[in-house]
Amino acid sequence: MKTFSNTFSRTLTNTIAGLCLLGMSVFAHAQNVVVVSAKSSVGSMTKDQVADIYLGNSKEFPGGGQALPLLPSSGGARVEFFEKVLGKNEAQAKAIWSRLVFSGKGSAPREVADSSETVKLISANPNCIGVIEKSAVNSSVKVVFTP
């Protein structure tokens, strides 16, 4: 009887420790932000304004100026952006972009490898808007939306 109690106690302790580690990993998840060039006149954007640009409903920033959206080619930032900002899964977004291309009314956002490439492209072209990890923000970009 004593061995069952010890085994149960160790199993319970290990399970609780595992759940605590799992919970901590949620807090360690990198936060993503939407950024534009530090030179841009855009100060902030709403979720709907960002979604309109990425889904092809608008080709301009609020207040004017062409908007060229950049999107991570893979990873958690991409998935989170689809869910939290666009309110779509990847297949739904791709279907929208395919219709834009087919009708000649637009195109899909340009895909980039990672946050550092996004920052580099935005620094070179103030018309770009992109999704990056918050830790990658530097003086060449400014945050306009946080999901």
Side-chain angles (χ1 to χ4, degrees), residues 8-147:
F8 179 75
S9 178
R10 267 187 260 131
T11 302
L12 183 60
T13 301
N14 289 342
T15 302
I16 291 171
L19 289 172
C20 288
L21 288 173
L22 181 64
M24 287 172 30
S25 71
V26 170
F27 292 111
H29 181 342
Q31 183 178 12
N32 301 304
V33 293
V34 177
V35 296
V36 297
S37 170
K39 299 172 187 173
S40 174
S41 63
V42 177
S44 67
M45 295 176 69
T46 66
K47 176 180 169 180
D48 289 340
Q49 289 170 326
V50 173
D52 281 346
I53 289 171
Y54 276 85
L55 294 174
N57 298 326
S58 176
K59 294 181 181 184
E60 295 185 352
F61 286 112
Q66 182 183 15
L68 303 171
L70 306 173
L71 187 65
S73 58
S74 63
R78 180 182 176 97
V79 173
E80 182 179 307
F81 182 75
F82 283 126
E83 292 173 1
K84 288 186 175 182
V85 180
L86 301 184
K88 311 267 182 232
N89 62 40
E90 188 164 352
Q92 292 169 320
K94 284 184 175 184
I96 291 168
W97 297 329
S98 292
R99 283 193 297 273
L100 287 172
V101 171
F102 182 74
S103 67
K105 294 181 180 179
S107 62
R110 177 177 172 183
E111 294 191 355
V112 293
D114 54 27
S115 293
S116 62
E117 183 181 355
T118 302
V119 169
K120 183 178 171 182
L121 290 168
I122 290 174
S123 299
N125 185 345
N127 292 331
C128 290
I129 179 172
V131 181
I132 65 170
E133 293 176 356
K134 188 175 184 177
S135 61
V137 172
N138 65 26
S139 61
S140 68
V141 296
K142 63 181 167 182
V143 176
V144 292
F145 180 74
T146 302

**Student:** Within the distance-only criterion (no hydrogens, no angle test), does the side chain of Gln92 pair as donor or acceptor with the backbone N or O of Asn89 below 3.5 angstrom?
**Tutor:**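 Side chain of Gln92 to backbone of Asn89, a donor-acceptor pair under 3.5 Å: yes, one is there.
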**Student:** Tell me the closest heavy-atom pair linking Gln49 and Met45, and the distance in Å.
**Tutor:**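 Here Gln49 and Met45 meet closest at OE1-CA, 3.2 Å.
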**Student:** Show the nearest heavy-atom pair for residues Phe145 and Val85, with the distance to one decimal.
**Tutor:**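 In terms of heavy atoms, the two residues are closest at CE2-CG2, 3.8 Å.
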**Student:** For a 4.5 angstrom cut-off between non-hydrogen side-chain atoms, does Ile96 reach Lys88?
**Tutor:**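 Side-chain contact under 4.5 Å: yes.
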**Student:** Give me each pair satisfying ring-ring contact (aromatic ring centres under 6.0 Å, His included) with a member in residues 44-68, each pair once, sequence neighbours excluded.
**Tutor:** Tyr54-Phe81
**Student:** How about Ile129 and Val34: do any of their side-chain heavy atoms sit closer than 4.5 Å?
**Tutor:** yes
**Student:** Nearest 0.5 angstrom please: Lys84 NZ to Asn32 CG, how far?
**Tutor:**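 Result: 8.0 Å between the selected atoms.
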**Student:** Just by modelled atom types, is the Ala108 backbone N or O under 3.5 Å from a matching donor or acceptor in the Lys94 side chain?
**Tutor:**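 No, Lys94 side chain to Ala108 backbone: no donor-acceptor pair under 3.5 Å.
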**Student:** Taking side chain to side chain contact (heavy atoms under 4.5 Å, CB included) as the definition, give me every residue that meets it alongside Ser44, ordered by chain and number, with sequence neighbours left out.
**Tutor:**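 Counting only residues at least two positions away or on another chain, Ser44 forms no side chain to side chain contact (heavy atoms under 4.5 Å, CB included).
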**Student:** For Val79, give me all partners under side chain to side chain contact (heavy atoms under 4.5 Å, CB included), at least two apart in sequence or on another chain.
**Tutor:**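 If we apply the side chain to side chain contact (heavy atoms under 4.5 Å, CB included) test to Val79, skipping adjacent residues, the hits are Glu83.
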**Student:** Do any pairs count as a salt bridge (Lys or Arg N to Asp or Glu O under 4.0 Å) and have a residue in residues 105-115, sequence neighbours left out, and if so which ones?
**Tutor:**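 Applying salt bridge (Lys or Arg N to Asp or Glu O under 4.0 Å) to every pair that reaches into residues 105-115, excluding sequence neighbours, yields Arg78-Glu111.
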**Student:** For Phe82 and Ala93, which heavy atoms make the closest approach, and how far apart are they?
**Tutor:** CE2-CB, 3.5 Å
**Student:** Output the distance between atom CG (Asn57) and atom CG (Leu55), rounded to the nearest 0.5 Å.
**Tutor:** 6.0 Å
**Student:** Can you tell me how far the CG atom of Leu121 sits from the OG atom of Ser37, to the nearest 0.5 Å?
**Tutor:**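 These two atoms lie 12.0 Å from each other.
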**Student:** Roughly how far, to the nearest 0.5 Å, is CG of Leu86 from NZ of Lys47?
**Tutor:**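 Interatomic distance, Lys47 NZ to Leu86 CG, rounded to 0.5 Å: 9.0 Å.
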**Student:** Determine the minimum heavy-atom distance between Val42 and Val36, stating which atoms define it.
**Tutor:**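 In this case the closest contact between Val42 and Val36 is O-CG2, 4.2 Å.
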**Student:** With rounding to the nearest 0.5 Å, note down the distance linking NZ in Lys39 to OG in Ser140.
**Tutor:**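 OG of Ser140 is found 9.0 Å from NZ of Lys39.
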**Student:** Show me the side-chain donor-acceptor pairs of residues 65-74 shorter than 3.5 Å, one per line, residues at least two apart or across chains.
**Tutor:**
{"from": "Ser73", "atom 1": "OG", "to": "Val112", "atom 2": "O", "distance (Å)": "3.3"}

**Student:** Name all pairs fulfilling the salt bridge (Lys or Arg N to Asp or Glu O under 4.0 Å) condition that reach into residues 50-65, sequence neighbours left out, sorted by first residue then second.
**Tutor:** none
**Student:** Rounded to the nearest 0.5 Å, what separates atom CD1 in Ile122 from atom CD in Glu117?
**Tutor:** 11.0 Å
